[in-house]
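Below: the structure, in structure tokens.
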Amino acid sequence: MKTAVAVSGGMDSLLALALLKGQGRDLLAVHGLFLPPGPQDGEVLAALERQCRTLDVDFEVLDLRREFQREVVTPFVRAYASGLTPNPCAWCNPRIKFGILLDRVNGLGADRLATGHYVRMAEHGQWGPTLQRGADPVKDQSYFLSLVPRDRLERADFPLGGRFKNDTPAFLSELGLEPVHSSESQEICFVPDDDYRKFLLESGLSLPGGGNIELSDGTVLGRHDGLWRHTQGQRKGLGIAYSEPLYVLDKDVERNVLVVGPGHELATEGCLARRMNYLVSPDKWPEEVMVQTRYRQQAKPSRFLARGDELELLFLEPHAKPTPGQVAAIYSSDGLVLGGGVIES
RNA sequence: UGGGGUGUAGCCAAGUCGGUAAGGCAACGGGUUUUGGUCCCGUCAUUCGAGGGUUCGAGUCCUUCCACCCCAG
């Protein structure tokens, strides 16, 4: 029984590897290649390999660039072009990491896959193994894993789930380990300079052009250069001087109009999520669930109505308008992930 | 051409009995952050349409001119 550990070169996956090694597990470190070749690749791979040798763990490199392009990058670009705001990190987990990568490590003799995510798998009395928020509330990444199917999560290990991110650097140096990448790479991993607009422009896909910026009553305030440059709830970048801050309320794709308004107009009563990934069958859910429609947002209480792979949510507290294309993660009040889906409207 | 109104940073806009330029928006910079966003912090008028005058001191008073707006015609 062997466990594969996905190592990126960052400190979290390194710690995951070290912790599992300390448990005496039979390990295989795997590094997935997702991005087009870069100048530092050779160096990074060599460093990773050295690191694994030090820890006495076998190391494999898996080329998943094609798959990543097909499953994450291309859908990302298409989503923007069609007026949605995609969440590539949330897709990468079910499709790549716990999808294709997990399949590939199976082929290498590992039946489980461990990652450095700050989430936990809890054993619930009635629901069985269930995804749970990480112990560290500021680092919890369960939102990004809510689209991963349950049978996949049951084959996952998250050694960092009970730990706090702040402790990680010190703990690593105690172990005498140093990450290959000194800095955390945030933002979208495949978008250079954190500039998704430039990335879209260079993607070669034809993008919709400019149109009006209007208030919800139809008053024209200005022009935009393409709906894909904006997203619901966004304040910056409108370039409109008004008596108060204006936020994007809606992207009217039909009319190519960006609808904006003051902050209080962002409030909404509910939303519809589709392509639901149920980690716990909704007929077992409590009457009231907690819904998170953005990463790093406080989950809000909500009622729900499940219809097949659609979930209608009725917020019980004021809630900022969710963004179509983003993920709605459903939690129990004690932080167990009941499911996740893609926001439709 | 008569009558009225307005002119303060990119936009909106406070400026009281003259005392040495609020605030909001936008923009820019930074922080937070495994998506987009949000949020937080910081920067942003030696100058108040232009000239002259009164005054120790004027955006604030007087005056001339200019520009724009509205109602008349």
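Just so it is clear, the structure is predicted and the values come from calculations on it, not from any experiment. Convention: sequence-line order gives letters A, B, ...; per-chain numbering from 1.
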Quiz item: Whole-Å distance between B/G37 P and A/Asp250 CG?
Solution: 18 Å

Quiz prompt | Basic-acidic side-chain contact under 4.0 Å: A/Arg197, A/Asp225 | solution = no

Quiz item: So what does A/Phe144 hit on the nucleic acid, given a heavy-atom distance under 4.0 Å: a base, only sugar-phosphate, or nothing?
Solution: base

Practice problem: Look at the side chain of A/Tyr295 and decide which nucleotide, out of B/C25, B/U33, B/G36, has an atom nearest to it. | Solution: B/U33

Quiz item: Should A/Glu312 and A/Arg274 count as an ion pair when the cut-off is N to O under 4.0 Å?
Solution: no

Self-check item: Over all atoms of both residues, closest heavy-atom pair of A/Val119 and A/Ser142
Solution: CG1-N, 3.2 Å

Practice problem: Compare every heavy atom of A/Thr130 with every heavy atom of A/His124, then report the nearest pair and how far apart it is. | Solution: CB-OG1, 3.9 Å

Exercise. Let me know the distance between CD of A/Gln292 and P of B/G37, rounded to the nearest Å.
Key: 18 Å

Self-check item: Separation of B/U35 P from A/Gln232 CD (nearest whole Å)
Solution: 18 Å

Quiz item: A/Leu246 has an atom CG; how far is it from atom C1' of B/G24, in whole Å?
Solution: 12 Å

Quiz item: Base, sugar-phosphate, or nothing for A/Arg197, non-hydrogen atoms under 4.0 angstrom?
Solution: sugar-phosphate

Quiz prompt | B/G7 versus B/A14 - spacing of their C1' atoms, nearest Å | solution = 16 Å

Self-check item: Whole angstrom value for the distance that separates P of B/G37 from CG of A/Leu227
Solution: 15 Å

Quiz item: From B/C25, B/G37, B/U35, pick the nucleotide closest to the side chain of A/Gln234?
Solution: B/G37

Quiz item: Which part of the nucleic acid, if any, lies within contact of A/Gly263, taking any heavy atom under 4.0 Å across all strands shown: a base, the sugar-phosphate backbone alone, or nothing?
Solution: nothing

Quiz item: Is the side chain of A/Asp157 donor-acceptor paired with the backbone N or O of A/Pro159 at a distance under 3.5 Å, no angle test?
Solution: no

Quiz item: Do side-chain atoms of A/Glu310 reach the backbone of A/Ala306 as a donor and acceptor pair under 3.5 angstrom?
Solution: no

Quiz item: If you check the A/Pro88 side chain, which of B/U34, B/U35, B/G36 turns out closest?
Solution: B/U35

Quiz item: Taking the nucleotide of RNA chain B with the closest heavy atom to each, which residue, A/Glu244 or A/Gly233, is nearer the 5' end?
Solution: A/Glu244

Quiz item: Out of B/C39, B/G36, B/U34, which nucleotide sits closest to the side chain of A/Arg294?
Solution: B/G36

Quiz item: Do the non-hydrogen side-chain atoms of A/Trp285 and A/Tyr278 ever get within less than 4.5 Å of each other?
Solution: yes

Quiz item: Rounded to the nearest Å, what distance is computed from the CG atom of residue A/Leu249 to the C1' atom of nucleotide B/G36?
Solution: 17 Å

Quiz prompt | A/Arg163 to A/Phe171 six-membered ring, cation-pi geometry met (6.0 Å, 45°) | solution = yes

Exercise. Send over the distance from A/Gln326 CD to B/G37 P, rounded to a whole Å.
Key: 10 Å

Quiz item: Which ranges of RNA chain B pair up as stems, where a stem means three or more consecutive Watson-Crick or G-U pairs with both distances under 3.5 Å?
Solution: B:1-7 with B:66-72, B:10-12 with B:23-25, B:27-31 with B:39-43, B:49-53 with B:61-65

Practice problem: Name the residue closer to the 5' end of RNA chain B, choosing between A/Thr323 and A/Ser243 according to the nucleotide with the nearest heavy atom. | Solution: A/Ser243

Quiz item: Expressed in angstrom and rounded to an integer, what is the separation of A/Asn87 atom CG from B/G37 atom P?
Solution: 12 Å

